[in-house]
Undergrad: 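One structure, as structure tokens, below. Some questions next.
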Amino acid sequence: MIVVAGTGTEVGKTYVGCAVIHALREQGHTVIARKPAQSFDEGDATTDATLLAAATGEQPDAVCPKHRWYPIPMAPPMAAAALGRGPFSTADLVMETNQSLTDADVAVVETAGGAWSPQASDGLHVGDFAEELRADGVLLVADAGLGVINAVRGAAAALRVPPIVFLNRFDTGNGLHVENRAWLARHDKFTVVTSAAEAAAILVAI
């Protein structure tokens, strides 16, 4: 089971998660996706669960149970409170995720927000959730550009295990991107990937 986390919002967690799912399936693996809770703008035509479901061939409400859909753009526990819906704990999300698992080679579990973002009403973050879920590894998605070293170091501090770092929007012709990747690998000893195929190959070996 792999948890997909981000250094922050809008870094492309869902895009990367879907790309990795496609790569895993192309390599012959069966894959399911789970989004324990999702919040979104009510006017959005698609949600993270919808996109992940399209990648795996599941139904969106199998990816994220309908009672964890919160149509307001806030962290899920904040959205639940704003909508007048009951609080929920990290343990609730772990239980629901585990109960929804089916037989597959890989389960990709996408979290909400950044690595320090509260996942549930108890305020616990992605590292707490991944630990309680007993995930095999964490794929940390970050933007390849300026500020990524600070962002990755900060996000990694929330995690219990060293993450695999996925530099999204990586451009081999961009000197800064190339140097950022080299620095994170050389100085911080992270495993750094820049393609879905590369990530998939590493994740199945965990």
Side-chain angles (χ1 to χ4, degrees), residues 1-38 40 46-65 68 93-94 96-115 119 126-127 129-144 148 152 155-156 159-172 177 181 184-185 190-206:
M1 184 186 305
I2 303 301
V3 166
V4 178
T7 55
T9 57
E10 305 302 323
V11 295
K13 288 194 308 297
T14 305
Y15 170 83
V16 168
C18 289
V20 169
I21 288 167
H22 284 301
L24 286 166
R25 295 183 73 184
E26 287 172 1
Q27 292 173 13
H29 302 287
T30 55
V31 189
I32 60 173
R34 295 294 178 263
K35 180 86 175 183
Q38 67 171 0
F40 52 94
T46 57
T47 67
D48 292 348
T50 304
L51 295 171
L52 291 165
T56 61
E58 301 173 277
Q59 292 299 314
D61 58 359
V63 173
C64 180
R68 298 293 180 216
L93 296 183
V94 169
E96 292 170 1
T97 300
N98 281 328
Q99 287 179 341
S100 73
L101 295 180
T102 59
D103 188 24
D105 296 334
V106 184
V108 175
V109 183
E110 184 188 313
T111 54
Q119 299 301 297
V126 170
F129 171 75
E131 183 175 52
E132 290 196 25
L133 193 62
R134 297 184 180 179
D136 297 301
V138 177
L139 183 66
L140 179 63
V141 180
D143 190 272
V148 68
V152 168
L159 306 173
R160 303 290 188 263
V161 295
I164 297 163
V165 177
F166 191 110
L167 294 184
N168 194 23
R169 310 179 184 103
F170 185 84
D171 179 0
T172 56
H177 291 190
R181 178 178 186 172
L184 288 166
F190 288 117
T191 298
V192 184
V193 298
T194 59
S195 75
E198 188 181 11
I202 292 173
L203 292 173
V204 295
I206 293 177

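Here, residue 1 is the first one in the sequence, and each next residue gets the next number. Hydrogens, waters and symmetry mates are skipped; everything else that's a heavy atom, side chains included, is used.
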Undergrad: Using modelled atom types only, decide if a donor and an acceptor are shared between the side chain of T9 and the backbone of G113 within a distance under 3.5 Å.
TA: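 It does not hold such a pair.
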
Undergrad: Look at the side chain of R181 and the backbone N and O of V192, then say whether any donor-acceptor pair between them is shorter than 3.5 Å.
TA: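 Yes, R181 side chain to V192 backbone: donor-acceptor pair under 3.5 Å.
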
Undergrad: Check whether any side-chain heavy atom of T97 lies under 4.5 Å from a side-chain heavy atom of L133, and answer yes or no.
TA: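 In contact.
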
Undergrad: Can you see which heavy atom on F190 is nearest to which on A156, and at what distance?
TA: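 Looking at all heavy atoms of both residues, the closest pair is CZ-CB, 3.8 Å.
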
Undergrad: Tell me the closest heavy-atom pair linking D105 and G28, and the distance in Å.
TA: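 Smallest heavy-atom distance, with atoms named: OD2-O, 4.2 Å.
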
Undergrad: Are the side chains of L184 and L167 in touch, meaning some heavy atoms are under 4.5 Å apart?
TA: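 Yes. Closest side-chain heavy atoms under 4.5 Å.
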
Undergrad: Could you report the tightest heavy-atom contact between P60 and A53, atom names first, then the distance?
TA: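 Heavy-atom minimum between the residues: N-CB, 3.6 Å.
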
Undergrad: Report yes or no: does K35 contribute a side-chain atom to a donor-acceptor pair with the main-chain N or O of V109 at less than 3.5 Å?
TA: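 Not a single qualifying donor-acceptor pair exists.
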
Undergrad: If you count heavy atoms of other groups shown closer than 6.0 angstrom to CZ of F40, is the number above 12?
TA: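 Yes, the 6.0 Å shell around CZ holds more than 12 heavy atoms from other groups.
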
Undergrad: Kindly write out the residues that satisfy side chain to side chain contact (heavy atoms under 4.5 Å, CB included) with S100, not counting sequence neighbours, or none if the list is empty.
TA: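 Residues passing side chain to side chain contact (heavy atoms under 4.5 Å, CB included) with S100: R34.
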
Undergrad: Between atom CD of E26 and atom NE2 of H29, what is the distance when rounded to the nearest 0.5 Å?
TA: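 E26 CD to H29 NE2: 11.5 Å, rounded to 0.5 Å.
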
Undergrad: Rounded at 0.5 Å granularity, tell me how far CG in L51 sits from CD in Q38.
TA: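 CD of Q38 is found 9.5 Å from CG of L51.
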
Undergrad: Considering non-hydrogen atoms only, spot the tightest contact between V63 and E58 and give its length.
TA: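 Closest pair (atom of V63, atom of E58, distance): CG2-OE1, 4.0 Å.
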
Undergrad: Rounded to the nearest 0.5 Å, what separates atom CZ in R134 from atom CD in E132?
TA: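 Going from CZ on R134 over to CD on E132, the span is 10.0 Å.
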
Undergrad: About how many Å separate CG of L101 and CD of E96, when rounded to the nearest 0.5 Å?
TA: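 E96 CD to L101 CG: 12.0 Å, rounded to 0.5 Å.
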
Undergrad: Let me confirm one number: the CG-OG1 distance from L140 to T111, rounded to the nearest 0.5 Å.
TA: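 The distance works out to 9.0 Å.
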
Undergrad: Between the main-chain N or O of A33 and the side-chain N or O of E110, is there a donor-acceptor pair closer than 3.5 Å?
TA: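 Not confirmed, E110 side chain does not pair with A33 backbone.
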
Undergrad: Any heavy-atom pair between the side chains of C18 and L52 that's under 4.5 Å?
TA: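 Yes, side chains in contact.
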
Undergrad: If we check side chain to side chain donor-acceptor pair (under 3.5 Å) with T50, which of these qualifies: D48, T46, T47?
TA: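 The passing option is T47.
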
Undergrad: Going by heavy atoms in the side chains, are V11 and N168 under 4.5 Å from each other?
TA: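 No, every pair of side-chain atoms sits at 4.5 Å or beyond.
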
Undergrad: Hey, does the side chain of T30 reach the backbone of V106 with a donor-acceptor pair shorter than 3.5 angstrom?
TA: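 Side chain of T30 to backbone of V106: no pair is present.
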
Undergrad: Any chance you could lay out the side chain to side chain contact (heavy atoms under 4.5 Å, CB included) test for N98 and M1, step after step, and finish with the verdict?
TA: CA-CA 10 Å; N98 281 328; M1 184 186 305; 4.1 Å; yes

Undergrad: Closest approach of L24 and A200, non-hydrogen atoms and distance?
TA: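 Scanning both residues, the minimum pair turns out to be CD2-CB, 3.7 Å.
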
Undergrad: Could you give the distance from CG (L203) to CD1 (I2), rounded to the nearest 0.5 Å?
TA: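 Between atom CG of L203 and atom CD1 of I2 there are 4.5 Å.
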
Undergrad: What residues, two or more places apart in sequence or in another chain, satisfy side chain to side chain contact (heavy atoms under 4.5 Å, CB included) together with R169?
TA: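 Side chain to side chain contact (heavy atoms under 4.5 Å, CB included) list for R169, sorted by chain: D143.
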
Undergrad: Please name the pair of heavy atoms, one in P65 and one in P36, separated by the smallest distance, quoted to 0.1 Å.
TA: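 Closest approach of P65 to P36: CD-O, 4.2 Å.
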
Undergrad: Strictly distance-based, threshold 3.5 Å: is any side-chain N or O of Q119 a donor or acceptor partner for the main-chain N or O of A112?
TA: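 Yes; judged by distance alone, with no hydrogens or angles, the pair exists.
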
Undergrad: Can you find a heavy atom in the side chain of V126 that is under 4.5 Å from one in the side chain of V3?
TA: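 Touching, per the 4.5 Å side-chain cut-off.
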
Undergrad: Is the shortest heavy-atom distance from the side chain of I164 to the side chain of I206 under 4.5 Å?
TA: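 A side-chain contact under 4.5 Å exists here.
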
Undergrad: Using only atom types and a distance under 3.5 Å, with no angle test, would you say the side chain of H177 pairs donor to acceptor with the backbone of D171?
TA: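 Yes, H177 side chain to D171 backbone: donor-acceptor pair under 3.5 Å.
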
